A.B. asks: 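Shown below is the structure under consideration.
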Amino acid sequence: MKGEAAITESSDFETNYKVKLEKFEGPLELLLHLIKKNELDIYDIPISIITNQYLQYIKLMKELNLEIAGEFLVMASTLLQIKSQMLLPTLPSEDTVGEEEDPRAELIRRLLEYQKYKDAANMLENIDQTGRDLFSCRLVEPEFEISQDVEEIIEVELFELIEAFRSVLSRITKEKFHEIKTESISMADRINRILSLLQEKESIRFDEIFTADHTREDVIANFLAVLELCKRKMLKIIQWALFADIWITAAVREDQIDTVAKDGISYV
Amino acid sequence: MSDIKPMVEALIFVSEAPLTIERLCDILAEYKREEIRSAINDLKNDYNNIERGIFLAEIAEGFQFRTRKEYSEIVRRLTKNTGARFSKPALETLAIIAYRQPITRPEIEYLRGVDSGGVLKTLLEKNLVRILGKKNIPGKPIIYGTSRKFLETFNLRDLKGLPTLKEIQELEETPIFEKQNELPLQNN
Amino acid sequence: MSDIKPMVEALIFVSEAPLTIERLCDILAEYKREEIRSAINDLKNDYNNIERGIFLAEIAEGFQFRTRKEYSEIVRRLTKNTGARFSKPALETLAIIAYRQPITRPEIEYLRGVDSGGVLKTLLEKNLVRILGKKNIPGKPIIYGTSRKFLETFNLRDLKGLPTLKEIQELEETPIFEKQNELPLQNN
């Protein structure tokens, strides 16, 4: 086969790809199809027959210039691997006690499991769906304005939260904003905690920050959080005398925060 | 006879989400739980009549009115809904999440045998699937589950309302697949 | 008696806007206008009862079900403490604080490009956001972070449980197709 078989015109690609999707969702579906078509015993798959048919199908797809998803190719090599394993004589080995597992076992389990979900998907398709079979009957009373003074139940999903953040990011230019990293989120936990400690007490002894730490990583992360807070000018580190305890205080005292907080969110 | 029945009726009609007994008890604090229960039962009976276009359904552990199935074709003329709503990959992924939740994306892909990122994203956008949190294993993958909207869409009282995989297989008459235990997912 | 009454009932319930006779005649083309008219009158009479929570109202030359005035106070109790959806600005601001905390108001506004004082105030009032301290720079801006209530709302143990941008972006990425000529295609 020529290497350029994979490259088709983009419009062709679209339609061809769809043809393929309608046929087989993935390698597991293709294998189940081949097993059923040939009335094979799924618990004792004749691996060379199924491998040959599978590869023929892929070859056909290539000849038709259809894009083949990576998973189909991974499965092809899995099949070939199983096939070669079955050809090997099973030598009694010192390491493996008891029976060695049939090389096909995992594939068979996956096929059986996949069949279950295919059936379950079919069931979902057939049960009554709202908006297709049954329709909801809700009365909208526009004259009721939502009151502000009552405790509200907040209904929002995590996914909506991150999508909101993504939409903000998509609006701003790259240089305005640098990529958020996982570390900065876990750092946020530490920073959040240290600042809460400082709201409870005016100052805390340096080592008090580490009392809840169990691992080296925790200690390091907390230490980095302290440094980060210093850098951001959110706290001060004080040592009254050489070798004395180190104390940490908020860069700006809490009572000042409170007076400001009272009149909302102004800075002065 | 108290006036609780019409109150419950009005409340269920106005509520956006299926209204639970708990919620009804909160709102109608001056009534007893049993009174509210029996009002719901009365309403259910009132509507449970072929001469009615709608009925009181128990969905997502709450109550909501739905049009009767007999009139779905007529209602579709109004809503211009063509019928088919979910693609095969979407249904397959939903089924896997419904039956195996909490589940991670690699686990879904192991079961389906194909990349499922795109489908998962669509299901999240449609609110049928939700992020439950992260799994406490190396890499901390996101775990997914079905949402209340899933129950509302498939008119289910709760997840137990789904037939078991075994029951489905009996219906589908695929006896060769009968005695497989759940596939363990740790090994991928 | 024909089954036109339940059809009309279902249609009026499902319609978002008041349903006009003309529209009903279009949809139920196999029925005569008089039949539809009389079905509506029958329905009106059925619902015209104090024991019902709703009634069939004629609004804007169409028909729509409405809750009865007698129960408007009760219905208001429901709408009062219903889970109000987040407004887009509120969700956006909350997301920025969650992902970029500790953060100051000017920083939030820089990212959003609009004044965010009002939204921030609401989020503080709802206890989703809290003041973490002040920054020791000119102006001493207040720094904000998320609260315990925020974690509870999203069912998170800590902030690490937040899905990362990378994880969501990965859902959209289509897998890279392996080079096809690397496939061992010969039927060995």
Side-chain angles (χ1 to χ4, degrees), chain A residues 21-22 24-32 35-36 40-43 69-72 74-75 106 108-141 144 153 155 157-163 182 186, chain B residues 10 13-17 54 57 59 64-69 72 75-76 79 81 83-86 88-89 91-96 98-100 109-115 124-125 127 129-131 133 140 147 152-156 162-163 165 168-169 171-172 174 176-177 180 182-183 187:
Chain A
L21 281 180
E22 273 161 25
F24 298 108
E25 233 15 87
L28 294 177
E29 190 175 41
L30 171 55
L31 283 173
L32 278 177
I35 289 166
K36 272 181 200 150
L40 301 175
D41 178 5
I42 193 162
Y43 290 102
E71 294 92 348
F72 281 95
V74 172
M75 181 58 78
E106 202 208 346
I108 292 168
R109 278 197 297 268
R110 283 183 72 186
L111 287 170
L112 291 170
E113 190 79 358
Y114 180 66
Q115 179 64 51
K116 284 192 199 172
Y117 299 116
K118 250 174 74 95
D119 292 344
N122 208 15
M123 175 277 298
L124 285 179
E125 172 65 28
N126 290 323
I127 62 176
D128 291 341
Q129 283 174 28
T130 307
R132 187 190 70 180
D133 307 303
L134 308 181
F135 296 84
S136 59
C137 320
R138 200 193 152 217
L139 309 187
V140 185
E141 301 276 356
F144 294 138
I153 303 156
E155 281 190 36
E157 287 289 341
L158 262 180
F159 182 70
E160 294 170 67
L161 187 76
I162 189 158
E163 285 296 284
T182 341
S186 62
Chain B
F13 267 118
V14 171
S15 174
E16 201 185 328
I54 57 176
I59 290 156
Q64 209 166 40
F65 284 101
R66 288 274 187 277
T67 56
R68 291 180 80 92
K69 185 138 192 222
S72 59
V75 176
R76 237 176 272 142
T79 60
N81 193 302
R85 301 182 67 218
F86 292 105
K88 216 166 92 178
L91 282 169
E92 225 175 74
T93 308
L94 260 183
I96 288 172
Y99 283 97
R100 295 300 294 263
E109 292 176 343
Y110 178 71
L111 292 176
R112 290 192 62 217
V114 283
D115 175 86
L124 280 165
E125 279 163 357
N127 258 322
V129 162
R130 53 191 295 260
I131 295 172
K140 303 235 184 282
S147 63
E152 284 176 36
T153 303
F154 291 95
N155 293 287
L156 298 165
L162 282 172
L165 289 173
I168 295 168
Q169 277 168 51
L171 283 173
E172 299 275 336
T174 44
I176 47 158
F177 302 118
Q180 150 113 342
E182 218 172 57
L183 186 67
N187 56 349

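Note that the structure is a prediction, hence the values are computed from the model and not measured. Each chain gets a letter, A, B and so on, in the order the sequences are listed, and its residues count up from 1.
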A.B. asks: So, do B:D115 and A:E71 sit near enough that their side-chain heavy atoms are less than 4.5 Å apart?
C.D. replies: yes
A.B. asks: Report the distance from atom CZ of B:R68 to atom CG of A:D133, rounding to the nearest 0.5 Å.
C.D. replies: 14.5 Å
A.B. asks: Find the distance between CD (A:Q129) and CZ (B:F86) and round it off to the nearest 0.5 Å.
C.D. replies: 5.5 Å
A.B. asks: Could you tell me if the side chain of A:M123 sits less than 4.5 Å from the side chain of B:L91, heavy atoms only?
C.D. replies: no
A.B. asks: With only heavy atoms counted, which part of B:S147 is less than 4.5 Å from chain A, the side chain, the backbone, both or neither?
C.D. replies: neither
A.B. asks: Tell me which of these, B:I59, B:V114, B:L94, has more heavy-atom pairs under 4.5 Å with chain A than the rest.
C.D. replies: B:V114
A.B. asks: Of all of B:E125, B:R100, B:Q64, B:E152, which one pairs up most often with chain A through heavy atoms under 4.5 Å apart?
C.D. replies: B:R100
A.B. asks: From B:I96 CD1 over to A:E113 CD, what is the distance, rounded to the nearest 0.5 angstrom?
C.D. replies: 8.5 Å
A.B. asks: Just so I understand: if I count every heavy-atom pair under 4.5 Å between each of B:A57, B:A10, B:A95 and chain A, which residue has the most?
C.D. replies: B:A95
A.B. asks: Below 4.5 Å from any heavy atom of chain A, which atoms of B:L162 appear? Answer side chain, backbone, both or neither.
C.D. replies: side chain
A.B. asks: Between chain A and each of B:L124, B:L111, B:L165, count heavy-atom pairs under 4.5 Å; write down the option with the most.
C.D. replies: B:L124
A.B. asks: Taking side-chain hydrogen bond (donor to acceptor under 3.5 Å, both in side chains) as the criterion, tell me which of B:T153, B:T67, B:N155 meets it with A:T130.
C.D. replies: B:N155
A.B. asks: Is there a side-chain contact between B:T79 and A:F135 in this structure, where contact means two heavy atoms from C-beta onward sitting under 4.5 Å apart?
C.D. replies: yes
A.B. asks: Ignoring hydrogens and geometry, is there a side-chain-to-backbone donor-acceptor pair from A:E157 to B:I131 under 3.5 Å?
C.D. replies: no
A.B. asks: Quick one: ring pair (Phe, Tyr, Trp, His ring centres under 6.0 Å) partners of A:F159, sequence neighbours excluded?
C.D. replies: none
A.B. asks: Using non-hydrogen atoms only, which part of A:L28 is less than 4.5 Å away from chain B: side chain, backbone, both, or neither?
C.D. replies: side chain
A.B. asks: Who among A:C137, A:P27, A:G26, A:A120 has the most heavy-atom pairs with chain B under 4.5 Å?
C.D. replies: A:C137
A.B. asks: Determine whether a donor-acceptor pair (N or O, by modelled atom type, separation under 3.5 Å) exists between the side chain of A:R110 and the backbone of B:Y110.
C.D. replies: yes
A.B. asks: Quick check: does any side chain N or O of A:R138 sit under 3.5 Å from a backbone N or O of B:V14, one acting as donor and the other as acceptor?
C.D. replies: yes
A.B. asks: Which distance, rounded to the nearest 0.5 Å, do you find between the CG of A:L134 and the CZ of B:F65?
C.D. replies: 14.0 Å
A.B. asks: Got a second to check how far A:L139's CG is from B:E16's CD, nearest 0.5 Å?
C.D. replies: 13.0 Å
A.B. asks: Using a 4.5 Å cut-off on heavy atoms from C-beta on, say whether the side chain of B:T93 contacts that of A:Y117.
C.D. replies: no
A.B. asks: Nearest 0.5 Å please: distance from the CZ atom of B:R112 over to the CD atom of A:E29.
C.D. replies: 9.0 Å
